[in-house]
Amino acid sequence: MDALSDILRVARLSGGVFFNAEFSAPWCIAAQMAPELCAPFLGATDHLIPYHYVVDGEMYVAVTDQPRQRLRSGEVVLFPRNDFHLIGSDVGLQPIPASAVILSEGNKTLQTVRHGGGGTAAHMVCGFLGCDSSLTNPIISTLPPSMILKVDETPAADWIRSTFQYAAYEVASGQTGSTAVLAKLSELLFVEAVRQYVRSIPEGQTGWLAGLRDPAVSRALALMHANLAHTWNVEELGREAGLSRSGLAERFTRLIGVAPMHYLADWRLQVAAQKLRDTSDPLVRVAEQVGYESEAAFSRAFRKKFGSAPATWRRAGITAGRPPATA
């Protein structure tokens, strides 16, 4: 899982925007939060991963063209691509837009939401993760539209459950002392959900996450991510992973979708973009850190991928308060 951790680190997952939701049957909400609505809490982000943790009761959730799923107390549902979804006591009801329930007249997120017809109660805490979608794309593109994490099956089950219960109480009473803990918990939930998904991937499936299930490909990914500046070649990677050069190239390309050196070149530039955004390191230092022998070679490769020179890209990101969209 080393490569997975590295991608998530560079993608800058950031949790925030929590509210306490108390519903009573019958109810049905249609949800898809826009990133700009969470900007006051998460900062500038181009992608949201919403989630709902069921504190008590049960409900159903449905994503377009997918069968409905039941959520019970102690379970979390996450939406990696922020897909439009329905959630309620009955997802066959006419839904009410989430914005009409969770936003005040001033377009601010309410701390506590109460909605429904007065029947069987359900209680959940809702939150959002912000991230750079271009950097998490190898993961997000291969995940299902919705993921249910059974908290009781995680190593930190007791801590997660008690934290959410306490946070729900704090939010309901107008206190925000647990916000920082919830933010980190949101990140933990997503990582754990991805790990559970990797363990359940069936044999024969391809994609970046499926590559983690293959010992040789996973080893090659871990080596490249652990030492990005090293002058890797396929022969050396194959030897370290226990395969021939051609054997690793074939297996890596079949599972990941690109050849090992193509993957390495692309990831080096993604990390370089993160360093340009988050540090004041000179360009020559950034180039060295991601494996380029000269600033000129780095600048040419960066311009080809992102559409502008590294210095121009960095200045544009500082001016806008965030990096520009990738080309």
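If you read the sequence from its start, that first residue is 1, and numbering goes on from there.
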Check the pair R68 / V61 against side chain to side chain contact (heavy atoms under 4.5 Å, CB included), numbers first and verdict last.
CA-CA 6 Å; R68 70 174 188 172; V61 62; over 6 Å; no
Output yes when a side-chain donor or acceptor of [X] lies under 3.5 Å from a complementary backbone atom of [Y], and no otherwise.
| X | Y | value |
| --- | --- | --- |
| S89 | W27 | yes |
| S200 | Y197 | yes |
| T312 | S308 | no |
| S218 | P215 | no |
| R314 | L276 | yes |
| R268 | L228 | yes |
| T142 | I139 | yes |
| E75 | I148 | no |

From [atom1] ([X]) to [atom2] ([Y]), nearest 0.5 Å:
| X | Y | atom1 | atom2 | result |
| --- | --- | --- | --- | --- |
| E187 | I49 | CD | CD1 | 10.5 Å |
| L269 | R303 | CG | CZ | 13.5 Å |
| D56 | E22 | CG | CD | 10.5 Å |
| S294 | R300 | OG | CZ | 6.0 Å |
| I87 | C126 | CD1 | SG | 6.5 Å |

Between K275 and D281, is the salt bridge (Lys or Arg N to Asp or Glu O under 4.0 Å) condition met? List the steps.
CA-CA 8 Å; K275 290 183 179 296; D281 291 348; 5.8 Å; no
Sequence neighbours excluded, which residues qualify as ring-ring contact (aromatic ring centres under 6.0 Å, His included) partners of H262?
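Residues passing ring-ring contact (aromatic ring centres under 6.0 Å, His included) with H262: none at all.
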Let me see the working for I140 and H47 under side chain to side chain contact (heavy atoms under 4.5 Å, CB included), right down to the final yes or no.
CA-CA 11 Å; I140 290 177; H47 185 70; 3.8 Å; yes
Side-chain heavy atoms under 4.5 Å apart, restricted to Ile/Leu/Val/Met/Phe/Trp/Tyr: what other residues fall into the cluster of F84, or is it alone?
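Result for F84 is Y60, L86, V91.
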Using the ring of each side chain (for Trp, its six-membered ring), is H225 parallel, tilted or perpendicular to W267, with breaks at 30° and 60°?
tilted
Once the angle between the rings of W232 and H230 is folded into 0 to 90°, is it parallel (under 30°), tilted (30 to 60°) or perpendicular (over 60°)?
perpendicular
Can you check whether [X] reaches [Y] side chain to side chain, under 4.5 Å on heavy atoms?
| X | Y | answer |
| --- | --- | --- |
| H123 | V54 | no |
| S73 | E58 | no |
| T154 | L149 | yes |
| S186 | Y51 | yes |
| S5 | R195 | yes |
| M124 | M59 | yes |
| I29 | H115 | yes |

Residues L221, I256; criterion side chain to side chain contact (heavy atoms under 4.5 Å, CB included); working and verdict:
CA-CA 10 Å; L221 285 168; I256 304 299; 4.2 Å; yes
E235 atom CD: more than 12 heavy-atom contacts under 6.0 Å:
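Not more than 12 within 6.0 Å, no.
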Hey, is R213 close enough to E203 for a salt bridge, meaning N to O under 4.0 Å?
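Between E203 and R213 there is a salt bridge, with a charged N closer than 4.0 Å to a carboxylate O.
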Inspect the contact between R199 and E192 and indicate whether a charged nitrogen and a carboxylate oxygen are less than 4.0 angstrom apart.
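A salt bridge links E192 with R199.
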Is there a side chain to side chain contact (heavy atoms under 4.5 Å, CB included) between Y263 and W208 once you walk through the steps?
CA-CA 11 Å; Y263 175 88; W208 194 91; 2.9 Å; yes
Under a single-linkage definition using a 4.5 Å side-chain heavy-atom cutoff for Ile, Leu, Val, Met, Phe, Trp and Tyr, are L93 and I102 assigned to the same hydrophobic cluster?
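Unlinked, L93 and I102 end up in two clusters.
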Assigning hydrophobic clusters by single linkage (Ile, Leu, Val, Met, Phe, Trp, Tyr; side-chain heavy-atom cutoff under 4.5 Å), is F252 placed with I201?
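Same cluster: F252 reaches I201 through Ile, Leu, Val, Met, Phe, Trp or Tyr contacts under 4.5 Å.
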Which heavy atom of A273 sits nearest a heavy atom of W313, and at what distance?
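Smallest heavy-atom distance, with atoms named: O-CZ3, 3.4 Å.
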Closest heavy-atom contact between T253 and A259?
OG1-CA, 3.4 Å
Is a donor from one side chain sitting under 3.5 angstrom from an acceptor on the other, for S146 and Q66?
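Looking only at side-chain atoms, Q66 and S146 do not form any donor-acceptor pair under 3.5 Å.
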If the condition is side chain to side chain contact (heavy atoms under 4.5 Å, CB included), which residues does R251 pass it with, not counting sequence neighbours?
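Partners of R251 under the side chain to side chain contact (heavy atoms under 4.5 Å, CB included) test: D214, A216, V217, L243, R254, L255.
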